[in-house]
Amino acid sequence: MTHAEPKQAMIEVRGLGKMFTLHNQGGIRLPVLRAIDFDAAAGECLVLSGPSGTGKSTLLRCLYGNYLATEGTIRLRDTTAPHAPWVTLSHAPEQVILKLRRDVIGYVSQFLRAIPRVAALDVVADPLQQRGTGRDEARARAAALLERLNLPRRLWDLPPATFSGGEQQRVNIARGLIGGHPILLLDEPTASLDADNRAVVVALIREALAEGRCLIGIFHDDAVREAVATRLLPLQPATAIA
Ligand SMILES: Nc1ncnc2c1ncn2[C@@H]1O[C@H](COP(=O)(O)OP(=O)(O)OP(=O)(O)O)[C@@H](O)[C@H]1O
Ligand SMILES: [Mg+2]
């Protein structure tokens, strides 16, 4: 990376807590995240680390507004709006969250939620079209990304529902990266990929960082983590915190 200018803070988390209440289990309360504080800036790749079950995926889901935090605040900087204001995500109304997801924050989940009957190429092109790019241009850029990720052309016009795990994951990664969101959340994006495709994803992630995007991710593969992380955020079991 050659960026010399000061890094702009993009995400700010203060006192974040998440407790699940299992209503169909007699209301058992399960504390998962507690007192999480961090900032992340443009050009950073913050990697969540910690044993299985410590709440790494839960934290990403809170940051994407999928899970409602039970304590604390999450703020994102909307660099697509004039003067790049901070927007509070925690407890934001649905339309604010949808706007942030369209313009500011992208998410590559571990598994693709296949949309029935939509061709892989259109699944990938969709985030660009949502932001106003014409269909042909969006599909051309989707094709370039799928080509780079070695997804065989014969699959491009088919819905991904029947694709292999690694093929679905590559569609998912392409869909997450294409929109150019300034903040990107990645939940084990290379988990089901072979070595060649892992290397492509590492290269794409490094390009996203060089463009000044802010990444927060989970990577179990040590080599991938070493190649992309600029900082680690270790999580520990919430029950272990006094
Ligand atoms: N929707 C939910 N309802 C109840 N409990 C949940 C829910 N989502 C997650 N949990 C619980 O929260 C804890 C943390 O789960 P999470 O998936 O965030 O862990 P993780 O750190 O990502 O683990 P892994 O490394 O195995 O992916 C787990 O004990 C899980 O059972
Ligand atoms: Mg997880």
Side-chain angles (χ1 to χ4, degrees), residues 11-40 44-74 76 89-92 94 97-98 101 105-114 164-166 168-173 175-177 181 183-194 197-198 201-202 205 208 214-242:
I11 186 157
E12 181 205 84
V13 172
R14 293 290 178 269
L16 184 74
K18 177 65 184 168
M19 164 106 75
F20 291 105
T21 304
L22 308 179
H23 296 287
N24 57 2
Q25 302 285 330
I28 291 175
R29 283 147 66 87
L30 193 66
V32 175
L33 300 172
R34 194 184 257 175
I36 307 284
D37 289 303
F38 68 89
D39 299 274
E44 271 200 301
C45 180
L46 181 64
V47 172
L48 310 183
S49 65
S52 175
T54 43
K56 301 179 298 295
S57 297
T58 298
L59 177 53
L60 286 194
R61 291 204 178 105
C62 289
L63 298 179
Y64 197 59
N66 268 348
Y67 284 167
L68 199 60
T70 31
E71 292 182 315
T73 56
I74 299 166
L76 311 178
L89 173 87
S90 35
H91 302 277
E94 188 69 13
I97 291 178
L98 292 178
R101 287 180 184 170
I105 188 162
Y107 173 48
V108 176
S109 58
Q110 190 175 350
F111 301 104
L112 178 71
R113 252 181 308 151
S164 77
Q168 291 198 8
Q169 186 61 321
R170 281 175 280 156
V171 172
N172 207 17
I173 291 165
R175 181 180 161 92
L177 285 171
H181 296 91
I183 302 172
L184 192 57
L185 311 173
L186 303 161
D187 194 343
E188 303 202 37
T190 57
S192 33
L193 301 185
D194 58 40
N197 283 312
R198 262 202 310 273
V201 173
V202 166
I205 289 174
C214 170
L215 272 55
I216 301 183
I218 305 166
F219 304 93
H220 274 153
D221 185 298
D222 289 341
V224 173
R225 187 165 43 213
E226 299 262 305
V228 301
T230 58
R231 194 152 52 97
L232 294 184
L233 180 72
L235 296 186
Q236 43 184 316
T239 45
I241 305 169

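The analysis underlying the following values was restricted to heavy atoms, covering all of them including side chains, and did not include hydrogens, waters or symmetry mates. Atoms within a ligand are numbered from 1 in the order they appear, just like the ligands themselves.
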Mind checking whether Y67 and F20 have parallel, tilted or perpendicular rings, split at 30° and 60°? perpendicular

Strictly under 2.8 Å, is any N, O or S atom of S52 next to the Mg ion (ligand 2)? no

Identity and separation of the nearest protein heavy atom to atom 1 (N) of ligand 1: Y67 OH, 3.1 Å

Residue portion contacting ligand 1 (non-hydrogen atoms closer than 4.0 Å) for L30: side chain

Per the side chain to side chain donor-acceptor pair (under 3.5 Å) rule, which among Q169, R170, R175 passes with N172? Q169

Heavy-atom distance to atom 15 (O) of ligand 1: which of L59, T58, N66 wins? T58

Would you mind listing which atoms of ligand 1 come within a distance below 4.0 Å of any non-hydrogen atom of V32? 12 (O), 13 (C), 14 (C)

Give the atoms of ligand 1, by number and element, whose distance to some non-hydrogen atom of H220 is under 4.0 Å. 25 (O)

Return the residue, atom name and 0.1 Å-rounded distance of the protein heavy atom closest to atom 7 (C) of ligand 1. F20 CZ, 3.3 Å

Heavy-atom gap L22 to ligand 1 smaller than 4.0 Å: yes

Atom 23 (O) of ligand 1 sits nearest the protein heavy atom G53 N, 2.9 Å

Can an N or O of R61 be found at a distance shorter than 3.5 Å from an N or O of ligand 1? no

What protein heavy atom sits nearest atom 17 (O) of ligand 1, and how far away is it? S57 CB, 3.7 Å

What I'd like to find out is whether the side chain of V228 reaches to under 4.5 Å of the side chain of L215, using heavy atoms alone. no

Could you find the nearest protein heavy atom to atom 24 (P) of ligand 1 and give me its residue, atom name and distance? S52 OG, 3.7 Å

Heavy-atom contact under 4.0 Å between Q110 and ligand 1? no

